[in-house]
Amino acid sequence: MASIPPDEAAENGHRNGNGPSPPPAKRPRAALITASEIRDEFAHHDPAVARVNNGSFGCCPASVLEEQGHWQRLFLAQPDAFYFDSLQPGLRRSRAAIAALVNAGDVSEISLVDNATTAAAIVLQHAAWSFAEGHFSRGDAVLMLHYAYGAVKKSIHAYVARAGATVVEVPLPFPVASPDAIIAEFHAALAVAKAGGRRVRLAVVDHITSMPSVVIPVKELVAICRQEGVDKVFVDAAHSIGQVPVDVCDIGADFYTSNLHKWFFCPPAVAFLHTRKGVPMASQLHHPVVSHEYGNGLPMESGWIGTRDYSAQIVIPEAIDFVNRFEGGIEGIRNRNHEKVIEMGRMLADAWGTFLGSPPEMCGSMVMVGMPNCLGIESDDDAMRVRTMLRKDFKVEVPIYYNTRRIEEQEMAKGNNGDPLTGYVRISHQVYNVKEEYERLRDAVSKLVAEGFTGSKLRPSEKQETLV
């Protein structure tokens, strides 16, 4: 990459990270990837484990890891030259690629951060300042989904509730039958948030909830917020890019974030935060890690938070190259993953006498599958112990969800014996997965059922609890 002297960089707009970028070099289009090449790209995965949990940590192909290693060595070889000549052009190239990918209006709307939790902290930090500085009245509301990601829920309480906000949760049903059920609950919770003339300052809406995994009608919820006078909307879309289509202009939220290491084949850790052009508070957003770039705009602040490894953020274009080796690119990958995960989910549900937790149109590349209720999963601790047992004894990695909000009067929430289901597995499908991995999960759970296993058998005895 050509060197850009520091004084020229500032003059050409490189210091603020928003200046003109040279067009990316045209890469020759590679032939479509083969099955054997896919296996080679993910040969670093532990072959002994049925890894049907791409949703938690994602995956990164060998070709992208190789390019990441190049950037890491470039930094270690001559850190000063890397900092002055290569870092910001590399980050700007990645930001431009993301802007095009999600239909952002301008590259200046895109900041690169470590993960969606960091993006949430940026938005919530500003909301907390608005309460503390008197721009918002104490008691004004912040709305969030009950199934918001745990770290984001805690961030909402740590930042804005502590600063004086009233936090209102949308109590979403699960299992869920249609988007209309979510929209109805959102309307009802918004009415609660606005009760007594209270202002709703921020709505935090998931695009795909993590646990349980459900695709939320996010565009419709954003439109409702606009109609009901909600000040700002932040979409936590940690799982979205690579699972569902993302068009930030069409969605219309003020802030939208998604991880690139979960479903878009980047190394950990990298995410983007889109800030809609024209949002007055955009210039007031700051990265929670204050560096000497503070005040130079969020893209630049996020592009330097001190000495660290920035390589994951720089290789986004190489991840796009990898995606484009598949027929149909990212759209083809999404469609095939969706079809496969629904097929595998139905196979499991048929074997266990259960059902999917949401209709296929409310699933992306993840789906919730009810577990046989005879397993007796009666708490989050039970779910974690069974998950650990599946990993250690059966070499199957899959998250398990304990459903505390089951709707017992709905037939869809009951197993074959009429009892409500309390345990669900969340299965993922990514390009490296094969049918045998889901069959191993099926057989492991069926074996537990046949042996009369219940979650209570893994609970610590009363004597052990006393010792602890």
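One-based numbering along the sequence shown.
Ring to ring, Tyr424 and Tyr402 are not that close: their centroids are 6.0 angstrom or more apart. Note: Trp304 and Tyr83 meet the aromatic proximity criterion, with ring centroids under 6.0 Å apart. A ring-centre distance under 6.0 Å is found for His286 and Tyr294.
Shown here are the ring pair (Phe, Tyr, Trp, His ring centres under 6.0 Å) partners of Phe131, two or more places apart in sequence or in another chain: Phe136. Taking the ring pair (Phe, Tyr, Trp, His ring centres under 6.0 Å) definition, one finds that Phe186 meets it with nothing, sequence neighbours left out.
Here the CD atom belonging to Gln125 is positioned 11.0 Å from the OG atom belonging to Ser155, to the nearest 0.5 angstrom. A distance of 10.5 Å separates CD of Glu339 from OG of Ser365, quoted to the nearest 0.5 Å. Between Thr388 atom OG1 and Ile400 atom CD1 the span is 8.5 Å, to the nearest 0.5 Å. Interatomic distance, OH of Tyr438 versus CD1 of Ile427, reported as 6.0 Å (0.5 Å rounding). The structure places CD1 of Ile342 at 11.5 Å from CG of Asn337, a figure rounded to the nearest 0.5 Å. Separation of atoms CG (Asp393) and CE (Met389) is listed at 6.5 Å; rounding is to 0.5 Å.
In summary, the side chains of Ser63 and Glu41 do present a donor paired with an acceptor at a separation below 3.5 Å, with no hydrogens or angles considered. If you check the side chains of Asp381 and Ser379, you find no donor sitting under 3.5 Å from an acceptor. Counting only N and O atoms by type, the side chains of His157 and Arg162 include no donor and acceptor under 3.5 Å apart. Looking only at atom types and distance, the side chain of Tyr149 has no donor-acceptor partner in the side chain of Thr209 under 3.5 Å away.
By the 30° and 60° cut-offs, the orientation of the rings of His126 relative to Trp129 is perpendicular. Between His239 and Trp263, the ring planes are tilted. Angles from 30° to 60° get that label. Ring geometry for Phe265 versus Phe322: interplanar angle over 60°, hence perpendicular rather than tilted (30 to 60°).
Residue Glu66 places its CD atom among 12 or fewer non-hydrogen atoms of other residues, nucleotides or ligands, all under 6.0 Å distant.
Side-chain contact between Val214 and Ile182 is present, with at least one heavy-atom pair separated by less than 4.5 Å.
Scanning all heavy atoms of the two residues, the minimum distance from Ser428 to Gly55 falls at OG-N, 3.2 Å.
For the side chain to side chain donor-acceptor pair (under 3.5 Å) criterion with Glu109, the lone passing option out of His274, Arg95, Arg276 is His274.
Cation-pi geometry between Arg308 and Tyr310 is met: the NZ or CZ atom falls under 6.0 Å from the ring centre, inside 45° of the normal.
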